[in-house]
Amino acid sequence: MRATPEDVFVTSGFQQALDLVARVVLAPGDIVAVEDPGYPPPTMLFRSLRMRVVGVPVDEEGIVVAAIPAGTTLVYVTPSHQFPLGMSMSLPRRRQLLDWADRTGAVIVEDDYDSEFRYAGRPLEPLQSIDESWRVLYVGSFSKTMLPTLRLGFVVAPPSLFPALRKAKLVTDWYTAKPMQDALAQFIAEGQFARHIRRMRRIYEDRHQLLVSILESRFGDVLEPIPSMAGMHVAATLRPEVELTDREIARRARRAGVDLHMPISSFAVTEPPRRGLVFGYGAIPIEHIPDGLLRLHDCCLNARDDT
Ligand SMILES: Cc1ncc(COP(=O)(O)O)c(C=O)c1O
């Protein structure tokens, strides 16, 4: 990161950071580009503020920059771990996105969630750290690393935006609860946060590896996992031979006691939905994974339900 403490603006989680940014850099009617499929809360927020939201397709390297519509004011991306498909944005794609923003004057919001949990390869530079001209607003959150109920996050923004951000924060909730900030600051300063991340990374990595190895060895007839090396979920697309929709499979799974995160089609924005499943492993004890997947496999087999 290229940031001093003065560049960090504390917010009540990612979602408030995005709300404040939207209030200070956007006007109703502006075109906002989001990854498609993508994380739903930003789309819901932008629509509630009367922005025109356009879904932009993603490929194995991340958002397809050439498909971002002309006139876009802001683009929201998840480069460390695309939500929900799970790939990381490649370095060439990061550079292409930055060049595009430089050329058009658009703002990039970098949601760097899940960057702390990377299981292979070198961490890629955040867009923020290779941006030469403050086109990137970097948003971090403690929801995934600690817990979502903390409601603590931050945005790294250019000094010129701070007065407007402060005003927007003031009219929203004055400031983020100070005792919680102090407790977290102490937790970080004592080295406990880094220790917690190291410990959780090992736990999530074991779950990730077991889940992916079972998907690869047992689900070849129905699913194709999307390569992913980070985070707390893995996605897999349905093979064309599977007749069921991903929603039907998710419904069947629920009845069989398997709590899948979500069908991929539920994350479509404006592009035609893709079919697939998202497997969240943030909360499942590792010993439950094999049995859950065994039951899920039966749910993917073709006979349609009568009901
Ligand atoms: C894609 C993505 N971004 C950000 C967040 C964090 O959001 P917040 O800080 O508002 O809880 C999450 C949490 O679930 C997420 O899935």
Side-chain angles (χ1 to χ4, degrees), residues 8-23 32-49 53 55-56 58 62-63 74-89 108-118 124 126-128 136-157 165 168-169 172-173 175-177 180-181 184 187-188 193 196-197 200 204 208 226 228-235 259-264 266-269 276-284:
V8 180
F9 190 91
V10 176
T11 60
S12 302
F14 161 82
Q15 193 65 17
Q16 189 189 44
L18 194 65
D19 181 44
L20 301 179
V21 166
R23 285 161 186 254
V32 175
V34 299
E35 296 165 325
D36 197 347
Y39 181 50
T43 293
M44 289 156 67
L45 170 73
F46 294 133
R47 286 189 174 143
S48 78
L49 295 173
V53 179
V56 177
V58 291
I63 193 165
L74 181 148
V75 57
Y76 161 74
V77 286
T78 49
S80 282
H81 193 222
Q82 201 275 334
F83 190 95
L85 301 183
M87 60 282 184
S88 304
M89 194 185 290
I108 300 169
V109 172
E110 176 172 30
D111 173 3
D112 207 24
Y113 93 105
D114 273 355
S115 60
E116 299 85 356
F117 300 119
R118 191 175 166 85
L124 290 165
L127 287 163
Q128 194 271 352
V136 177
L137 303 180
Y138 176 99
V139 184
S141 165
F142 292 93
S143 287
K144 293 278 195 175
T145 49
M146 296 287 290
L147 67 164
T149 49
L150 274 186
R151 304 315 304 147
L152 275 172
F154 58 92
V155 52
V156 177
L165 284 173
K169 176 83 176 157
T172 309
D173 66 350
Y175 41 77
T176 296
M180 202 55 95
Q181 292 191 51
L184 183 61
F187 192 70
I188 294 170
F193 180 67
H196 167 70
I197 296 289
M200 294 315 293
Y204 294 141
H208 175 98
I226 300 173
S228 170
M229 294 184 290
M232 298 181 204
H233 74 262
V234 162
D259 192 9
L260 280 173
H261 185 51
M262 284 286 228
I264 291 180
S266 63
F267 298 109
V269 186
L277 303 173
V278 179
F279 298 86
Y281 49 84
I284 185 170

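Counting convention: from 1, in listed order, for ligands and their atoms alike. What you are looking at is a predicted structure, and each value in this text was computed from that prediction instead of being measured.
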Judged by atom type as modelled, is there a donor-acceptor pair below 3.5 Å linking the side chain of Y281 to the main-chain atoms of G231?
yes

Examine distances only and state if a side-chain atom of E35 and a backbone atom of T78 form a donor-acceptor pair shorter than 3.5 Å.
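Yes; at least one donor-acceptor contact below 3.5 Å.
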
For residues 144-152, which side-chain donor-acceptor pairs fall under 3.5 Å, sequence neighbours excluded?
residue : atom : partner : partner atom : Å
R151    : NH1  : P148    : O            : 3.1

Not counting sequence neighbours, which residues clear salt bridge (Lys or Arg N to Asp or Glu O under 4.0 Å) with D173? List them please.
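In terms of salt bridge (Lys or Arg N to Asp or Glu O under 4.0 Å), with neighbours along the sequence ignored, D173 is linked to K169.
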
Rounding to 0.5 Å, atoms NE2 (H233) and NE2 (H208) come to a distance of 10.5 Å

State which residues pass ring-ring contact (aromatic ring centres under 6.0 Å, His included) with F279; sequence neighbours excluded, sorted by chain then number.
none

Would you check ligand 1 and list the protein residues that come within less than 4.0 Å of it by any heavy atom, ordered by chain and number?
G13, F14, Q15, Y39, F83, D111, Y113, S141, S143, K144, R151

